[in-house]
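Here is the naming used below: chain letters follow the sequence lines, and residue numbers restart at 1 for every chain.
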Number of protein chains: 2
Amino acid sequence: MNIGEVSRKAELPAKTIRYYEDIGLISPLRDTNGYRSFRDSDVHKLVFLGRARALGFTIEDCRNLLALWDDQDRASADVRAIAKEHLAQIESKISDLQAIRDTLSHLVRECAGDGRPDCPILQKLEEFPT
Amino acid sequence: MNIGEVSRKAELPAKTIRYYEDIGLISPLRDTNGYRSFRDSDVHKLVFLGRARALGFTIEDCRNLLALWDDQDRASADVRAIAKEHLAQIESKISDLQAIRDTLSHLVRECAGDGRPDCPILQKLEEFPT
DNA sequence: CATGGGGGTTCCAGTTAATGGAAGGTCAAT
DNA sequence: ATTGACCTTCCATTAACTGGAACCCCCATG
């Protein structure tokens with residue numbers, strides 16, 4: 001599979017995919033003409049990378065998460081521990097997002113549409129969870 | 001309030017806070033000695049910025065979201081529309097995170113600890129939601 | 001009162017994670 | 001055989017910080 005098709009499937013620019021190869025996140029094969037030749041597993045990784053990056057995981061986080069999947073010997077407690085750490089991080093991201101969603105949807109429901117200057121969201125904002 | 005205290009409260013490096021001022025996301029006052037003097041509202045914005053950035057919102061997203069809050073005349077349908085758009089984006093981030101969490105917790109539950117080479121997560125990965 | 005340490009300031013350079021563009025090779029169809 | 005879409009590398013630029021140098025401010029202690 002060439003880079004264009006992969007780019008469409010993974011919804012990542014070709015530039016970014018080449019960059020991910022440069023930094024060793026993926027290692028597509030090469031055809032005789034020099035074109036990159038992607039396997040399904042490369043595409044899966046790229047889909048994952050696209051999502052994880054969009055959610056604020058760093059490249060190094062992603063490298064670790066991919067290593068969990070690549071690990072041929074994933075029986076160790078280490079791997080489990082790393083995965084659990086990441087799970088905790090993900091749970092916390094989810095609740096942060098929920099907090100932002102709640103605040104924003106409150107803003108939409110209560111404050112848009114009537115122009116009153118003492119919009120209750122302003123009070124709410126003062127308590128915005130820290 | 002000086003930058004050090006704000007940095008602790010918002011859990012952002014002072015460097016980043018100065019940078020956010022440079023690019024106009026916040027506009028703290030200045031004391032006569034030239035020190036930045038932050039109001040509570042600045043701190044709230046910074047807390048928000050820290051979270052939103054960690055969740056993959058761009059600086060420009062953040063600028064728009066902050067504008068919703070700052071908007072003295074937030075009665076317009078425009079504001080409502082922008083907020084709704086962001087809400088949709090947030091919902092989609094939440095479900096992406098949930099997908100990643102489910103995959104990862106499956107990995108933890110099913111695959112770590114026994115070293116068998118035909119770990120079921122590998123099959124699962126092939127269906128990883130695109 | 002000076003002096004040392006822990007703040008704060010600006011400015012400039014470097015890093016990370018891409019992104020844009022030039023210059024050129026490849027392929028499939030007309 | 002040439003056109004156009006696709007691929008390649010390489011080099012420069014951007015976005016969002018991050019580190020470091022050089023310097024100013026404040027206040028507690030000797």
Asks: State plainly whether the residues A:Arg39 and A:Asp42 are in salt-bridge range, i.e. N to O under 4.0 Å.
Replies: yes
Asks: For the helix from C:dA17-D:dT14 to C:dT30-D:dA1, measure the angle between the helix axis at one end and the axis at the other, each built from five pairs, rounding to 10°.
Replies: 10°
Asks: What pairs meet the salt bridge (charged side-chain N to carboxylate O under 4.0 Å, His left out) rule with one or both residues in residues 15-25 of chain A, with sequence neighbours excluded?
Replies: A:Glu21-A:Arg30, A:Glu21-A:Arg36
Asks: Residues two or more places apart in sequence or in another chain: which of them pass side-chain contact (heavy atoms from CB on, under 4.5 Å) with B:Ile23?
Replies: B:Tyr19, B:Tyr20, B:Leu25, B:Ile59, B:Arg63
Asks: Can you pull the contact range of chain A along DNA chain C, 5' to 3', using atoms under 4.0 angstrom from its heavy atoms?
Replies: C:dA17 to C:dC27
Asks: Check side-chain contact (heavy atoms from CB on, under 4.5 Å) between A:Asp102 and all other residues, then give those that pass, not counting sequence neighbours.
Replies: none
Asks: Sugar-phosphate atoms are those with a prime plus P, OP1 and OP2; base atoms are the rest. Using that split, label each nucleotide of nucleotides 15-24 of chain D B, S or - for protein heavy atoms under 4.0 Å, 5' to 3'.
Replies: -BBSBB----
Asks: Which residues pass the side-chain hydrogen bond (donor to acceptor under 3.5 Å, both in side chains) test with A:Glu91, sequence neighbours left out?
Replies: B:Arg101
Asks: Considering residues at least two apart in sequence or located in another chain, which fulfil the side-chain contact (heavy atoms from CB on, under 4.5 Å) criterion with B:Asn2?
Replies: B:Asp31, B:Tyr35
Asks: List for me each residue that meets side-chain contact (heavy atoms from CB on, under 4.5 Å) alongside B:Ser95, sequence neighbours excluded, and say none if there are none.
Replies: B:Gln98
Asks: May I ask you to check if A:Lys93 and A:Phe57 form a cation-pi contact, with NZ or CZ under 6.0 angstrom from the six-membered ring centre and within 45° of the axis?
Replies: yes
Asks: D:dA5 P sits how many Å from A:Ile3 CD1, rounded?
Replies: 18 Å
Asks: Test of understanding: with side-chain hydrogen bond (donor to acceptor under 3.5 Å, both in side chains), list the residues that count as partners of B:Glu5, not counting sequence neighbours.
Replies: B:Lys9
Asks: Check salt bridge (charged side-chain N to carboxylate O under 4.0 Å, His left out) between B:Asp96 and all other residues, then give those that pass, not counting sequence neighbours.
Replies: none
Asks: Check the phosphate of D:dT9 against A:Arg36, side-chain N and O only, distance under 4.0 Å to OP1 or OP2. Yes or no?
Replies: yes
